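Heads up, the thing below is written out as structure tokens.
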Amino acid sequence: MSVRELVVLGTASQVPTRHRNHNGYLLRWDGEGILFDPGEGTQRQMLRAGVAAHDIHRICVTHFHGDHSLGLAGVIQRINLDQVPHPVTAHYPASGQHFFDRLRYATAYRETVELTEAPATADGVLATTAAYTLDTRRLSHPVESYGYRLTEPDTRRMLPARLAEHGIAGPDVGRVQRDGVLGGVTLEQVSEHRRGQRFAFVMDTRLCDGVYALAEGCDMLVIESTFLDEDAKPAADHGHLTAGQAARVAKEAGVRHLVLTHFSQRYGDPELFEVQARGAGFDGELTVAQDLIRVPLPTRHH
Ligand SMILES: [Zn+2]
């Protein structure tokens, strides 16, 4: 069985708290692991969450503020220390190349792993694999920030009962799949459309077109809600979202599972984020993230 889940490593914004580490998230997507925004302390949070350096195939950094990137130094050195056997690719805003260089080579260590730098320079596709297309959209924050989105290709699922009805078996199944028709029986008659799953990671940003584009139709949306709604003014001033704004985006975009995170240390009670998200009319699955939880992607719908 392929595993698709979000492992939450940290949920604090700028300042970590006794209960919240700086950001950090590992998305497990079949056999691959994508590490998003490793803040300070990510290496130790990985240990606590049962995530190994070997689990990381790709790193996506939204922007170069410390809570989203200070962990790169430790994580990259650990990947090399453990001699991870596969190549690793890193994406980040190209305008922050000097920050990436400093973090990658913050101190002395022996490089053993092929780490490919693949910075984002504009909206568009960053990578295509058999399991997904990764694309990026520019966000709106005081420093250049990019959100990320994984889209699994739509496919067709063969229906055994229909195949049997039409007497299609053995190598003929492959033929109808490949050719779209076999002896007058079409692929549509013996299969059904299977919509690919979609995941988006959105932070840090104020409301902008990129937020909506990334969220559209997602099975899971991980999005910052640094502030509560009563602090909409500082949120807009500093380039952040409130719980209600994030939830309204999710509602409009038809998101199935909304994960709120990146909370300001000024708030004590995480339940208020849930109350405001529900108050904004979002009625899908909702998780107010806590450090070290695992959130499975919702089961497929056809
Ligand atoms: Zn942040």
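Order of appearance sets the numbers: ligands from 1, and atoms from 1 within every ligand. As the structure is a prediction and not an experimental result, all values here were calculated from the model.
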Hydrophobic clusters join Ile, Leu, Val, Met, Phe, Trp and Tyr when side-chain heavy atoms are under 4.5 Å apart, directly or via other members; which others share one with Val275? none

Any idea how Phe201 and Phe36 line up, ring-wise: parallel (<30°), tilted (30 to 60°), or perpendicular (>60°)?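 Plane angle under 30°, so parallel.
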
With under 30° as parallel and over 60° as perpendicular, where do the rings of His65 and His63 fit, or are they tilted in between?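 Answer is perpendicular, since the angle exceeds 60°.
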
What residue pairs, at least two apart or across chains, pass salt bridge (charged side-chain N to carboxylate O under 4.0 Å, His left out) with a residue in residues 281-297?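 Passing the test, one end in residues 281-297: Glu5-Arg294.
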
For the side chain to side chain donor-acceptor pair (under 3.5 Å) test, which of Arg256, Gln197, Arg4 pairs with Asp219? Arg256

My understanding is that only residues two or more places apart in sequence, or in another chain, count here; which of them pass side-chain contact (heavy atoms from CB on, under 4.5 Å) with Phe64? Val61, Ser69, Leu72, Tyr92, Pro93, Phe99, Phe100, Leu103

What's within reach of the Zn ion (ligand 1), meaning protein N/O/S atoms under 2.8 Å?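 Near the Zn ion (ligand 1), below 2.8 Å, one finds Asp67 OD2, His68 NE2, Asp204 OD2, His262 NE2.
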
